[in-house]
K.L.:
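The following block contains the structure, expressed as structure tokens.
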Amino acid sequence: MFGVNYPIIQAGMIWASGWRLASAVSNAGGLGLIGSGSMYPDVLREHIQKCKAATSKPFGVNVPLLYPDIDKHIQIIIDAGVKIVFTSAGNPKTWTNVLKEKEITVVHVISSSKFAKKSEEAGCDAVVAEGFEAGGHNGREETTTMVLTPAVVNEVKIPVIAAGGIATGRQMLAAMVMGAEGVQMGTRFVASEEASSHSNFKDAVINSNEGDTMLTLKQLTPVRLIKNNFYKAIEEAEQRGASVEELKVLLGRARAKKGMFEGQLEEGELEIGQVCANVRNILPAAKIVDEVWREFKKALANPIKMT
Ligand SMILES: Cc1cc2nc3c(=O)[nH]c(=O)nc-3n(C[C@H](O)[C@H](O)[C@H](O)COP(=O)(O)O)c2cc1C
């Protein structure tokens, strides 16, 4: 479907996946995605141009549908001749037809079987089933990748890509045993040399352990964050029954940029998945693709421990 060597997709991620990361992953045989959610339209145009110059392999753009300038982003993607779009955080019916008319492959990210079905009905070519473990914005229902993947595979006929909690070849194999035809990895690629995230954030990711992230802000848009001072302030506010308006004020503007791009580890928003507990080094993106694929093949040859 994507014309890539390996079914390994580098997730589109705000403040992390610009043209450097996307082109490095695509050059290594995976599918790189530019994360447009933190880009002004002109910045997105520039990243697409630079990505095209840096790779002759297929790459795509992730488009969170809640983005205010969404129509401008879509037009830029069409004009630039991008052939693969991953949409998320919105209704798949809104833009899929427009993109399909331009012969763009459209994949929508969902966190429930119900929305997987809606994506299929909307004409999407595939879905990403993103479980509760995942970094970034997430479903309210807390369905884990382990439960969501087979449920979505049963629900739809289009291919399913698993996401959330996958950073190694063994985890990839587990997802594919459950019926996924590919995997999307975010957290593992934040800890890459080419990710545009601040080095403080990358270091925090590889030093985080089990229990260090939590899904929060469920009253606004649920998001999985590292538990820092900002996270604790939200928790306190929610426990004393703060209104949605108060939470919005607390969140303020540009929190995610502050944390992930500018490296303010206590006052910024640090989006990352549970699987950071399994990620211990920052590597070149090509090495990550290579390691995951090698481990996947090794695990496939010897998948279970027999005593
Ligand atoms: C730092 C960060 C930023 C993210 N930004 C986006 C985004 O802009 N759009 C989107 O669809 N998903 C976003 N996500 C979710 C990823 O696309 C992906 O589905 C998720 O990271 C997979 O789970 P994992 O972190 O366990 O690998 C983000 C995730 C992280 C860690």
Side-chain angles (χ1 to χ4, degrees), residues 8-18 21-22 25 30-39 44 47 60-67 70 73 84-90 92 106-111 115 119 126-139 143-146 148-149 160-168 171-172 174-175 180 182-192 195-198 200-202 204-206 208 210 212-213 215 221-226 255-261 263 268-279 288 292:
I8 298 172
I9 295 150
Q10 163 257 306
M13 294 180 286
I14 54 163
W15 305 116
S17 65
L21 179 56
V25 171
L31 180 68
L33 299 180
I34 294 173
S36 73
S38 49
M39 296 178 180
L44 173 62
H47 276 259
V61 178
N62 166 254
V63 184
L65 297 173
L66 44 72
Y67 190 84
I70 179 78
H73 273 191
I84 302 166
V85 170
F86 278 46
T87 52
S88 57
V106 183
V107 180
H108 192 62
V109 182
I110 49 88
S111 57
F115 276 91
S119 305
V127 284
V128 174
E130 192 197 52
F132 172 64
E133 301 92 323
H137 293 286
N138 211 313
T143 312
T144 59
T145 303
M146 192 83 163
L148 183 68
T149 307
V160 176
I161 297 158
I166 302 166
T168 68
Q171 287 164 331
M172 174 176 169
V183 293
Q184 168 168 290
M185 302 193 300
T187 297
R188 174 61 275 200
F189 283 109
V190 170
S192 70
S196 57
S197 325
H198 196 282
N200 290 352
F201 177 45
K202 294 185 193 180
V205 170
I206 61 170
S208 291
E210 286 170 47
D212 285 350
T213 73
L215 189 71
T221 320
V223 61
R224 180 172 294 285
L225 301 179
I226 289 181
R255 275 281 177 188
K257 183 179 186 191
K258 215 178 256 177
M260 297 188 280
F261 197 63
E269 183 179 330
L270 304 177
E271 301 184 9
I272 209 70
Q274 285 186 353
V275 80
C276 60
N278 302 144
V279 176
I288 295 173
V292 169

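Counting starts at 1 for both ligands and their atoms, in listed order.
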K.L.:
Would you check whether Gly165 has a nitrogen or oxygen atom less than 3.5 angstrom from a nitrogen or oxygen atom of ligand 1?
P.N.:
yes
K.L.:
Show your working on side-chain contact (heavy atoms from CB on, under 4.5 Å) between Ile272 and Arg224 and close with a plain yes or no.
P.N.:
CA-CA 6 Å; Ile272 209 70; Arg224 180 172 294 285; 5.9 Å; no
K.L.:
Which protein heavy atom lies closest to atom 30 (C) of ligand 1, and at what distance to 0.1 Å?
P.N.:
Met13 SD, 3.7 Å
K.L.:
Answer yes or no: does an N/O atom from Arg188 fall short of 3.5 Å to an N/O atom of ligand 1?
P.N.:
no
K.L.:
Could you tell me whether Gly186 and ligand 1 have an N or O pair separated by under 3.5 Å?
P.N.:
yes
K.L.:
May I ask you to identify, for Ile14, whether its side chain, its backbone, both or neither come under 4.0 Å of ligand 1 on a heavy-atom basis?
P.N.:
both
K.L.:
Would you tell me whether His137 and Thr221 have side-chain atoms, one donor and one acceptor, within less than 3.5 Å of each other?
P.N.:
no
K.L.:
Can you find an N or O of Gly135 that's nearer than 3.5 Å to an N or O of ligand 1?
P.N.:
yes
K.L.:
Could you check whether Asp212 and Gln274, counting side-chain N and O atoms only, form a donor-acceptor pair closer than 3.5 Å?
P.N.:
no
K.L.:
Near Met260, which atoms of ligand 1 are under 4.0 Å from a heavy atom of that residue?
P.N.:
1 (C)
K.L.:
Taking 4.0 Å as the limit for heavy-atom contacts, which would you say applies to Val275 with ligand 1: side chain only, backbone only, both, or neither?
P.N.:
side chain
K.L.:
Within ligand 1, which atoms have a heavy atom of Ala11 less than 4.0 Å away?
P.N.:
16 (C), 17 (O), 18 (C)
K.L.:
With respect to atom 19 (O) of ligand 1, which of Glu130, Gln274, Gln171, Arg224 exhibits the smallest heavy-atom separation?
P.N.:
Glu130
K.L.:
Any side-chain to backbone donor/acceptor pair from Arg255 onto Lys258? Under 3.5 Å, distance only.
P.N.:
no
K.L.:
With heavy atoms of Gly164 as the reference, note each atom of ligand 1 found under 4.0 Å away.
P.N.:
22 (C), 23 (O), 26 (O)
K.L.:
With sequence neighbours left out, write down each residue that passes side-chain contact (heavy atoms from CB on, under 4.5 Å) with Ala129, or none if nothing qualifies.
P.N.:
Ile110, Leu148, Val152, Val160
K.L.:
Side chain, backbone, both or neither: which part of His137 has a heavy atom under 4.0 Å from ligand 1?
P.N.:
neither
K.L.:
Check step by step if side-chain contact (heavy atoms from CB on, under 4.5 Å) holds for Leu215 and Val223.
P.N.:
CA-CA 5 Å; Leu215 189 71; Val223 61; 5.5 Å; no
K.L.:
Look only at interatomic distance and state if Thr187 has a nitrogen or oxygen under 3.5 Å from any nitrogen or oxygen of ligand 1.
P.N.:
yes
K.L.:
Just do the side-chain contact (heavy atoms from CB on, under 4.5 Å) check on Leu225 and Leu270 with the steps written out, would you?
P.N.:
CA-CA 5 Å; Leu225 301 179; Leu270 304 177; 5.6 Å; no
K.L.:
Below 4.0 angstrom from a heavy atom of Gly12, which ligand 1 atoms are there? Numbered from 1 as shown, please.
P.N.:
5 (N), 6 (C), 7 (C), 8 (O), 9 (N), 10 (C), 12 (N), 13 (C), 14 (N), 17 (O)
K.L.:
Where do Phe132 and Asn138 come nearest, in terms of heavy atoms and distance?
P.N.:
O-ND2, 3.2 Å
K.L.:
Short list, please: which atoms of ligand 1 are under 4.0 Å from a heavy atom of Asn62?
P.N.:
7 (C), 8 (O), 9 (N), 10 (C), 11 (O)
K.L.:
Do any nitrogen or oxygen atoms of Ser88 lie less than 3.5 angstrom from nitrogen or oxygen atoms of ligand 1?
P.N.:
yes
K.L.:
State whether the shortest distance between N or O atoms of Ile272 and N or O atoms of ligand 1 falls below 3.5 angstrom.
P.N.:
no
K.L.:
Taking only residues two or more places apart in sequence, or in another chain, which ones meet Tyr67 in a ring-ring contact (aromatic ring centres under 6.0 Å, His included)?
P.N.:
His73
K.L.:
So, for Ala11 and Gln184, which heavy atoms are closest and what is the spacing to 0.1 Å?
P.N.:
CB-CG, 3.5 Å
K.L.:
Return yes if some donor-acceptor pair links the side-chain N/O of Ser197 with the main-chain N/O of Val190 below 3.5 Å, else return no.
P.N.:
no
K.L.:
I need the contact type for Ala134 against ligand 1. Using non-hydrogen atoms and a strict under-4.0 Å cut-off, is it side chain, backbone, both or neither?
P.N.:
both
K.L.:
Checking Gln10 side chain against Leu33 main chain: does a donor-acceptor pair fall under 3.5 Å?
P.N.:
yes
K.L.:
Output the list of atoms in ligand 1 that are nearer than 4.0 Å to some heavy atom of Met185, sorted by atom number.
P.N.:
27 (O)
K.L.:
Just need the protein heavy atom nearest to atom 1 (C) of ligand 1, so name the residue and atom and give the distance.
P.N.:
Glu271 O, 3.3 Å
